[in-house]
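To start, the structure under review is shown below, and the notes come after it.
Per chain, numbering begins at 1; letters A, B, ... match sequence-line order.
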Number of protein chains: 2
Amino acid sequence: MYTVVEENYLKALSTLANTGDEVSINDLSKRLKIKMPTVNSMMKRFAEKELITYESYKPVRLTAKGKKEAAMVIRKHRLTEMFLVEKMDFNWEEVHEIAEQIEHIKSPLFFEKMDALLGYPKFDPHGSPIPDKNGNVIATAYVPLSQCSVQEEVTLKAVSDSSEAFLRFLNGRSILLGDQLRVLAKEQFDGSMQVEVAGKSTEMFSQLICDKLMVQKI
Amino acid sequence: MYTVVEENYLKALSTLANTGDEVSINDLSKRLKIKMPTVNSMMKRFAEKELITYESYKPVRLTAKGKKEAAMVIRKHRLTEMFLVEKMDFNWEEVHEIAEQIEHIKSPLFFEKMDALLGYPKFDPHGSPIPDKNGNVIATAYVPLSQCSVQEEVTLKAVSDSSEAFLRFLNGRSILLGDQLRVLAKEQFDGSMQVEVAGKSTEMFSQLICDKLMVQKI
DNA sequence: AGCTATTGTTAGAGTTGTCTAACAATATAT
DNA sequence: ATATATTGTTAGACAACTCTAACAATAGCT
Ligand SMILES: [Mn+2]
Ligand SMILES: [Mn+2]
Ligand SMILES: [Mn+2]
Ligand SMILES: [Mn+2]
């Protein structure tokens with residue numbers, strides 16, 4: 001059984017490992033908002049527990065065991081978010097912070113019940129895939145909208161930022177997962193885009209926004 | 001905001017204060033399964049925070065503030081138990097341990113949603129009253145079955161032990177809250193009782209059991 | 001290649017919450 | 001009333017997790 005703190009480190013490691021497997025102490029430190037020396041000593045303890053491989057002055061790397069444990073925490077987080085939205089009438093912008101806490105509840109039965117009541121969902125309310133009980137995740141081929149070219153038509157499938165602030169921004173423009181997006185124009189200078197949303201409205205998005213909108217080409 | 005540990009101490013203090021207001025360090029220590037010196041130093045910190053009044057070598061006493069804070073934790077615990085039973089298909093013997101964890105979730109909205117979805121329940125699945133948002137609790141006049149005399153007819157209103165083991169004992173005999181109980185005989189030597197349950201079966205209960213069955217005289 | 005900025009490490013300290021061992025005060029029993 | 005048992009306190013230690021200050025290694029830049 002892992003502590004709350006360990007579980008949060010595991011989750012951060014897994015998220016940051018997405019491209020390339022390697023995670024620098026510095027990135028971890030920034031993501032967790034915990035100072036580097038603290039992260040460094042925790043990584044040594046993680047190496048002891050065989051959750052990562054660690055060599056001085058090199059980025060760390062989750063072991064198979066570490067990946068599995070991280071997936072289990074992510075599974076609990078995403079199941080919780082889905083439960084809060086589907087069964088407790090929460091809005092998608094309200095659930096991340098609560099799930100951040102409930103993901104640490106020690107009760108396999110509790111999460112099994114959630115899973116069953118939800119009908120074994122495959123995605124959370126932000127479009128991220130929910131790992132199965134073995135830690136396997138459905139592969140998705142989403143790319144950020146910022147990587148799309150002019151005139152491309154895509155479907156909004158997920159958001160890579162579940163913060164209340166960002167989701168309120170989308171709510172304010174009635175933008176939902178599943179919406180069809182068409183890139184009308186792209187400003188080379190700052191990466192901002194003019195986008196037609198669901199055939200209805202037209203929006204200007206800064207690059208920061210476009211990086212957070214994960215889409216699938218049609 | 002209080003820590004998980006502080007909240008657990010508060011809850012234990014409140015439970016033990018039920019008769020007489022005073023709580024000994026020793027009783028707290030036993031209830032929490034934490035050694036006396038640890039409890040002692042925590043009580044000094046509680047006194048600093050004005051949650052209790054503390055004088056050397058005397059039992060401690062919750063302040064008004066301490067009582068209020070304890071009631072809020074108890075409220076969250078009992079709402080959670082009710083939610084688990086009513087909305088997540090748990091049995092009454094499965095919920096206490098999970099509620100012991102969820103009661104510490106930091107999100108007023110989460111518990112408000114629970115309360116609303118449940119229709120503002122007044123009692124938890126074990127018959128204990130749920131404090132309201134101001135910390136007020138419905139007064140109940142339940143007594144343990146062990147205090148009843150022969151031929152008395154009473155209604156089972158609550159259990160004072162929510163452990164899985166005890167509730168399984170009741171499940172095995174199909175005993176439910178609301179059942180009518182009639183005392184057929186009482187053994188002076190060991191305090192055991194012969195009881196007719198809901199006009200159907202007849203059971204022998206040891207004093208240990210009779211102490212845990214909280215009843216209301218008809 | 002050599003300077004500089006960034007990243008990583010070591011050392012030392014603080015807080016929270018736990019323990020054991022030893023001692024002190026209070027309560028209980030003869 | 002005195003001895004004994006119980007309860008409470010002090011002292012000192014330890015694990016987990018955090019920090020700052022100082023230093024070392026690596027990477028990036030002329
Ligand atoms: Mn989330
Ligand atoms: Mn978390
Ligand atoms: Mn309970
Ligand atoms: Mn608890």
Side-chain angles (χ1 to χ4, degrees), chain A residues 1-13 15-17 19-62 66 69-70 73 100-101 103-106, chain B residues 1-13 15-17 19-62 66 69-70 73 100-101 103-106:
Chain A
M1 230 29 26
Y2 298 93
T3 67
V4 169
V5 169
E6 285 170 337
E7 289 189 341
N8 285 337
Y9 274 84
L10 276 171
K11 212 155 45 101
L13 279 164
T15 310
L16 294 173
T19 40
D21 266 26
E22 296 190 333
V23 180
S24 74
I25 305 289
N26 198 243
D27 287 352
L28 244 191
S29 170
K30 279 173 187 149
R31 155 65 67 130
L32 290 166
K33 289 176 186 146
I34 291 171
K35 294 291 176 293
M36 281 183 50
T38 308
V39 173
N40 191 270
S41 65
M42 185 62 86
M43 287 306 96
K44 288 180 172 174
R45 285 174 43 200
F46 267 42
E48 294 286 301
K49 299 186 184 191
E50 298 185 303
L51 293 168
I52 60 164
T53 56
Y54 173 89
E55 287 176 88
S56 264
Y57 294 102
K58 288 194 183 157
V60 302
R61 197 181 279 265
L62 281 168
E69 298 296 347
V73 184
E100 202 60 46
Q101 299 176 62
E103 68 191 2
H104 306 294
I105 298 295
K106 265 58 188 175
Chain B
M1 233 22 33
Y2 298 94
T3 67
V4 168
V5 169
E6 286 169 337
E7 289 189 340
N8 285 336
Y9 274 84
L10 276 171
K11 211 154 48 99
L13 278 164
T15 311
L16 293 173
T19 39
D21 266 25
E22 295 190 334
V23 180
S24 74
I25 306 288
N26 197 243
D27 287 352
L28 244 192
S29 169
K30 279 174 189 150
R31 156 65 66 128
L32 291 167
K33 289 177 186 144
I34 291 171
K35 295 292 178 292
M36 281 182 53
T38 307
V39 173
N40 192 270
S41 64
M42 185 62 85
M43 286 307 96
K44 286 179 173 175
R45 283 175 45 199
F46 268 42
E48 294 287 299
K49 298 186 185 193
E50 299 185 302
L51 292 167
I52 59 164
T53 56
Y54 173 90
E55 287 176 89
S56 264
Y57 294 102
K58 287 192 184 160
V60 301
R61 199 182 279 264
L62 281 168
E69 298 297 345
V73 185
E100 202 58 47
Q101 299 176 63
E103 67 192 1
H104 306 294
I105 298 295
K106 266 56 187 178

Length of the CG-P vector between A:Asn8 and D:dT18, whole Å
9 Å
Got a second to check how far B:Leu28's CG is from B:Thr38's OG1, nearest 0.5 Å?
12.0 Å
Spacing between A:Met43 atom CE and C:dT7 atom C1', to the nearest angstrom
16 Å
Nearest whole angstrom, please: distance from the P of D:dT7 to the CG of B:Leu16.
14 Å
Euclidean distance, atom NZ of residue A:Lys35 to atom P of D:dT20 [Å, nearest integer]:
5 Å
Tabulate below the donor-acceptor pairs under 3.5 Å that side-chain atoms of residues 44-59 of chain B make, not counting sequence neighbours, or state none.
residue: B:Lys49; atom: NZ; partner: B:Glu6; partner atom: OE2; Å: 2.4

With salt bridge (Lys or Arg N to Asp or Glu O under 4.0 Å) as the rule and sequence neighbours excluded, what pairs involving residues 22-37 of chain B come up?
B:Glu22-B:Arg61
Distance in angstrom units between B:Tyr57 OH and C:dA25 C1', rounded
5 Å
Rounded interatomic separation in angstrom, taking CD from B:Glu22 and C1' from D:dT7
14 Å
Base, backbone or nothing for each nucleotide of nucleotides 10-17 of chain C, written B, S, -, heavy atoms under 4.0 angstrom, 5' to 3'?
B-----SS
Nearest whole angstrom, please: distance from the P of D:dG8 to the CD1 of B:Ile52.
12 Å
Just how far is it from atom CG of B:Leu13 to atom CD of B:Glu69, taken to the nearest 0.5 Å?
12.5 Å
Nearest-0.5 Å distance that lies between atom CD1 in B:Ile25 and atom CD1 in B:Ile34:
12.0 Å
CD1 of A:Ile25 versus C1' of C:dT7: gap in Å, rounded?
10 Å
Roughly how far, to the nearest 0.5 Å, is the CD atom of A:Glu7 from the NZ atom of A:Lys106?
3.5 Å
Nearest-nucleotide pick for B:Met36, side chain only, options being D:dT7, C:dT7, C:dG8
D:dT7
